Number of protein chains: 2
Amino acid sequence: MTRTKAKTPRKAKKKKAPRTKAEQRAETLEQILDAAEFLFSKHGLHGVTLRDVALKVGVHTSLMHYYFEDKFALFKTVFVRRAPVTSERRMKALDQYEKNAKGKPTVAGALHAFLDTDYDLYMSGGEGWKNYGAFGSQLSNTPEGAAMFDEHFDPVVLRLIGILRKAMPDVPEENIFWGYHFITGSFMHSLSRSGRLDRLSNGLCKSGDLDAVKARMAEFMAAGFSSLRKR
Amino acid sequence: MTRTKAKTPRKAKKKKAPRTKAEQRAETLEQILDAAEFLFSKHGLHGVTLRDVALKVGVHTSLMHYYFEDKFALFKTVFVRRAPVTSERRMKALDQYEKNAKGKPTVAGALHAFLDTDYDLYMSGGEGWKNYGAFGSQLSNTPEGAAMFDEHFDPVVLRLIGILRKAMPDVPEENIFWGYHFITGSFMHSLSRSGRLDRLSNGLCKSGDLDAVKARMAEFMAAGFSSLRKR
DNA sequence: ATTATCTATAGATCTATAGATAATGC
DNA sequence: ATTATCTATAGATCTATAGATAATGC
């Protein structure tokens, strides 16, 4: 990260010294993870130095090593911190949906549960969640990054696939996976909020407008699946 | 790039010394760009050092500076080298399609021209093109990277959008842009060949199987657009 | 005579560790 | 007494440049 200057470190210690050490530890840890998440989401693992993170938090670089083994450990922790939250929320939403569907799930219904639940989280979870979305979107298009998804997200995704199979008994299983491949590409891209769509559409659409994305994606993809029936 | 060891540099000078200096220059330049393209596609701009590239080519680091101002100049050259090739091919394919359509273009037809033309290139263009696809897919999910697309790809994309508008006069323009947003996410993701789909589907599908992707994507996305009609 | 490539090296980071200091904990 | 944070610094890269050498060009 050479181009983007990090913010000036906090001069006055605004934060009231937390009472307990456990609190202090938790607070600092959270600040480090938030800063790292933000920076990684902009520049990737190798585009950020531990000094960048420390500077942004307003703390000495060596403290990074006190809390984390090395940079990659910090990176992994950023990834792991929020992964179970999104995963479990969607898992519950799928459970709930299947229960309500009483043996007759639809593609659109399953996709709404899977996608909309997550968009709600990214939209209402604050800056941290938005940064995490951009962070994850970068990972999804690189071999090493994508491998990190397996452990935390395979269960929800396979849960979704299971419901989709029930909803489309006439569609070959491989086609359902291909459909998911398309969906995840669009979904991750939408979380990157790269700004390209804004310029391309001359301001008509904003890539950060997750409301607009949420309003269209599930139905779009459900319609897409209809093309996979034949063959 | 600390983990992946670069290949051992060429010991014996296998290449017969090229006759003319212009040839030698062109040859070395191509080797550098190929090596850089490969490494950048794996590790991103900041995950690769000029030494990595030099080592892979089998040449001294300082030669990188002889040919390029700095690392970012090399990066940009990698991007720019192939961009016009894909752009112009697709532009021609769209021109051709629209001509054949005689005023009655279809969504599926336009998408086949736009997508299949490019998949053919990535499939038959050799390793270099595959690396370029992975290289580009990383860029597309980051703000800085996506901005690089504007200059070289806006014209083809807007050409596509123009045809789509003709094919869907009843669909609001913004929805066409949102549809494109979804398409480009899936398309770029498919070029990353991240390997995740392979593991997720337990080998049933391979993310590197661009034939399978090509066979399904245009129709899938065309069907998706049908959902954007209403509203 | 010009250009491609290498040698040598300076200066700038960056990571990581040892040890000191300043807080909280009992 | 323990833990959070800072100071100081070593060692390892990495970038970039000046100048030498070895080719091609006429």
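Below, chains carry the letters A, B, ... as their sequence lines are ordered, and counting in each starts from 1. All of these numbers come straight from a predicted model, not from anything done at the bench. Only this structure's heavy atoms are used, side chains among them; waters, hydrogens and symmetry mates stay out.
Between Trp178(B) and His181(B), the angle of the ring planes goes over 60°, which puts this pair in the perpendicular group of the 30/60° scheme.
Both Ala22(B) and Leu63(A) lie close to DNA chain D; mapped to their nearest nucleotides by heavy-atom distance, the more 5′-ward contact belongs to Leu63(A).
Secondary-structure annotation of DNA chain C gives the stems C:1-24 with D:1-24, with a stem taken as at least 3 successive Watson-Crick or G-U pairs whose two distances both fall under 3.5 Å.
With sequence neighbours excluded, no residue satisfies ring pair (Phe, Tyr, Trp, His ring centres under 6.0 Å) with His60(B). Scored by the ring pair (Phe, Tyr, Trp, His ring centres under 6.0 Å) test, Phe187(B) finds Tyr119(B) as partners (sequence neighbours excluded).
Backbone-only engagement by Tyr67(A) is indicated by non-hydrogen atom pairs under 4.0 Å involving sugar-phosphate atoms exclusively.
Asn141(B) places a side-chain N or O within donor-acceptor distance of the main-chain N or O of Ser137(A), the cut-off being under 3.5 Å.
If you measure from atom CG of Leu39(B) to atom P of dC14(D), you get 12 Å, rounded to the nearest angstrom. Summarising the geometry, the separation between CG on Leu55(B) and C1' on dC6(C) is reported as 15 Å, rounded to the nearest angstrom. For His46(B) and dC14(D), the NE2 to P distance is 15 Å, given to the nearest whole Å.
In summary, the side chains of Asp120(B) and Thr117(B) do not present any donor paired with an acceptor at a separation below 3.5 Å, with no hydrogens or angles considered.
Contact annotation: the side chain of Arg159(B) never approaches that of Phe114(B) to less than 4.5 Å [non-hydrogen atoms, C-beta and beyond].
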Classify every nucleotide of nucleotides 15-22 of chain C by which part a protein heavy atom approaches to under 4.0 Å, writing B for the base, S for the sugar-phosphate alone and - for neither, in 5'-to-3' order. BBB-----
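Checking the phosphate oxygens (OP1, OP2) of dA4(C), a side-chain nitrogen or oxygen of Tyr66(B) falls inside 4.0 Å.
Sorted by first and then second residue, the salt bridge (Lys or Arg N to Asp or Glu O under 4.0 Å) pairs involving residues 74-89 of chain B (not counting sequence neighbours) are Asp34(B)-Arg81(B), Asp34(B)-Arg82(B), Glu37(B)-Arg81(B), Glu37(B)-Arg82(B). Screening residues 193-204 of chain A for salt bridge (Lys or Arg N to Asp or Glu O under 4.0 Å), with sequence neighbours left out, gives Arg196(A)-Asp150(B), Arg196(A)-Asp154(B), Arg199(A)-Asp150(B).
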